[in-house]
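Please read through the structure below; I'll follow up with questions.
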Amino acid sequence: MKKNKVVIVGAGMVGMSYAYSMVNQGTCEELVLIDIDKNRTVGEALDLNHGLSYAPRKMKIYSGDYADCNDANIICITAGATQLPGETRLDLLHKNTKIMKSIVGEIKKTNFNGIIIVASNPVDIMTYVVWKASGYDRKKIMGSGTTLDSARLRFGLGERLNVNPKAINAYVMGEHGDSQFVAWSYALLGVQPIYQIASKKDSSISFNDLDLIEDEVRNIAYKIIECKKTTYYGIGMALAKITQAILENENSILTVSSYLNDEYGHDDVFIAVPSVVNENGVREVIELPLAKEEKEKLDNSIKIMKENITKLDI
Ligand code: NAD
């Protein structure tokens, strides 16, 4: 079996939900936990190891340090401050920029030559910071983008249409945050456009319902934070899926935060767009001919990302 090694930097709620998903799904063969709180990674590694008897795959799980990045396939950065009640993801900007730069500084001291996935918020901007500070190939760096939001969208549509969310191909694009939008012109139930379903007289879903679902997807993190302070299971599973797509060379289409190199008429920015993900990272960005209002929403999201990036000392 091919050796697949994943390093998680940041063994908090998101990092450990990701780790737990991977242990349960047998995503990798070796899993290393790094955190500024060393005790935490020691305890978490012990706890996860105790579940291995019931896991689908033999795994080596341990508390490590940056030297363990040398031969890793993937480093996933889940370290950082979290969104407090009343805070937007953009409020985390400066706190987490400092943390990203210190982590990248450590990674650069190693011979790491794999793929970096960033989950820390605001994720599209933190992905840019990691890319800029590292100087690594842009194709080998991606953010979790709107993989979680797209899953929330599929869940919402699945509930409303009474179908398995996996039968829905629909994507949230743009910022993982307030300026995100649904590319409704490409939303399908199986092979049928969801707009076509909503336009039928006796349909179980209306255009108004679609607006409500889009709003809910955009704002649901605030509700979760109000109820239980922070969100982690959904993003943990989304990160496990991205990891699987890389390790298994799947060429899966995921709305990761990818670098735009003239796609959608933009460059020098990371933003969530449907992208083909494989063992080399982002194989390509899929450039959809978006409807006019959707393209304007993407442009707006990118404008916000760029305005914030200029405020940073990278
Ligand atoms: P948490 O507080 O539970 O964990 C953060 C961990 O990072 C802590 O264990 C802390 O010790 C560690 N850490 C801080 N600075 C570090 C450094 N320099 N090096 C190594 N480790 C360091 O937070 P969480 O709930 O796990 O959230 C982590 C990040 O993920 C936040 O930025 C949060 O906003 C983000 N998040 C992203 C998504 C998404 O969809 N992308 C979803 C939820 C949360």
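The shown structure was predicted, so the numbers you read here are calculated from the model rather than taken from an experiment. Whatever order the structure lists them in is the order used to number ligands and atoms, beginning at 1.
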> Side chain or backbone of Ala81 under 4.0 Å from ligand 1, or both, or neither, by non-hydrogen atoms?
Replying inline: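 For Ala81, only backbone atoms sit under 4.0 Å from ligand 1.
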> If you count the atoms of ligand 1 from 1 in the order shown, which ones are under 4.0 Å from a heavy atom of Ser144?
Replying inline: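 Those qualifying, in numeric order: 39 (C), 41 (N).
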> At a 4.0 Å threshold, what atoms of ligand 1 neighbour a non-hydrogen atom of Thr78?
Replying inline: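 Under 4.0 Å from Thr78, ligand 1 has these atoms: 28 (C), 29 (C).
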> Taking Glu30 as the fixed residue, which of Lys5, Lys58, Arg57 is the one that meets the salt bridge (charged side-chain N to carboxylate O under 4.0 Å, His left out) rule?
Replying inline: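 Exactly one pass, corresponding to Lys5.
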> Short N/O distance, under 3.5 Å, between Ala119 and ligand 1?
Replying inline: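 The answer is yes, given that Ala119 and ligand 1 share an N or O pair closer than 3.5 Å.
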>> Within the 4.0 Å heavy-atom shell around Ile99, which atoms of ligand 1 are there?
In response: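 Every atom of ligand 1 under 4.0 Å from some heavy atom of Ile99: 15 (N), 16 (C), 17 (C), 18 (N).
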>> If we set the cut-off at 4.0 Å for heavy atoms, which region of His176 has an atom near ligand 1: side chain, backbone, both, or neither?
In response: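 The answer is the side chain of His176.
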> If you measure from atom 35 (C) of ligand 1 to every heavy atom of Ile235, Ile8, Asn121, which option wins on shortest distance?
Replying inline: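 Of the listed residues, Asn121 has the closest heavy atom.
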>> Using a 4.0 Å cutoff against the non-hydrogen atoms of Thr230, which atoms of ligand 1 qualify?
In response: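 Taking each heavy atom of Thr230 in turn, ligand 1 has 25 (O) under 4.0 Å.
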>> I'd like to know if the side chain of Asp215 and the backbone of Leu212 have a donor-acceptor N/O pair within less than 3.5 Å.
In response: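 Here the side-chain-to-backbone pair does not exist.
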> Which heavy-atom pair separates Ala79 from Ile99 by the least distance, and what is that distance?
Replying inline: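 Between these two residues, the closest heavy atoms are CB-CG2, 4.2 Å.
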> Can you tell which part of Leu92 has a heavy atom less than 4.0 Å from ligand 1: side chain, backbone, both or neither?
Replying inline: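 Answer for Leu92: side chain.
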> Are any of the N/O atoms in Ser120 less than 3.5 Å from those in ligand 1?
Replying inline: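 Ser120 vs ligand 1: no N/O contact under 3.5 Å.
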>> Measuring from atom 7 (O) of ligand 1, which candidate in Gly12, Gly80, Ser17 has the nearest non-hydrogen atom?
In response: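 Looking at heavy atoms only, Gly80 sits closest to atom 7 (O) of ligand 1.
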> Looking at Gly143 and Thr127, what are the two nearest heavy atoms and their distance?
Replying inline: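 Shortest heavy-atom separation between Gly143 and Thr127 comes out as CA-OG1, 3.3 Å.
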> What part of Asn96, side chain from CB on, backbone N/CA/C/O, both or neither, has a heavy atom under 4.0 Å from ligand 1?
Replying inline: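 It is the side chain that touches ligand 1; the backbone stays farther off.
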> Minimum heavy-atom separation for Ile8 to Gly15, with atom names?
Replying inline: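 Between these two residues, the closest heavy atoms are CD1-O, 3.6 Å.
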> For Tyr195, does the OH atom sit with more than 12 other heavy atoms under 6.0 Å from it, leaving out its own atoms?
Replying inline: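 Yes.
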> Judging by distance only, is a nitrogen or oxygen of Asp35 under 3.5 angstrom from one on ligand 1?
Replying inline: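 Among all N and O atoms of Asp35, at least one is under 3.5 Å from an N or O of ligand 1.
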> Just which atoms of ligand 1 are under 4.0 Å from any heavy atom in Ser102?
Replying inline: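 Those atoms are 18 (N).
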>> Can you give me the closest heavy-atom contact between Arg152 and Ala221, atom names plus distance?
In response: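 What the structure gives for the nearest pair is NH1-CB, 4.1 Å.
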> Are the side chains of Ile242 and Ser144 in touch, meaning some heavy atoms are under 4.5 Å apart?
Replying inline: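 They are in contact (side-chain heavy atoms under 4.5 Å apart), so the answer is yes.
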> Taking only heavy atoms of Leu148, which atoms of ligand 1 are found under 4.0 Å from at least one of them?
Replying inline: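 Listed by number with element: 40 (O).
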> Any idea which part of Ala79 is under 4.0 Å from ligand 1, heavy-atom wise: side chain, backbone, both or neither?
Replying inline: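 Both backbone and side chain.
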>> Would you say Val163 ends up clustered with Leu157 if hydrophobic residues are merged whenever their side chains have heavy atoms under 4.5 Å apart, either directly or through other cluster members?
In response: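 Result: yes, single cluster for both.
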> Under 3.5 Å, is there a donor-acceptor pair linking the side chains of Asn308 and Lys311?
Replying inline: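 Result is yes, a qualifying pair exists.
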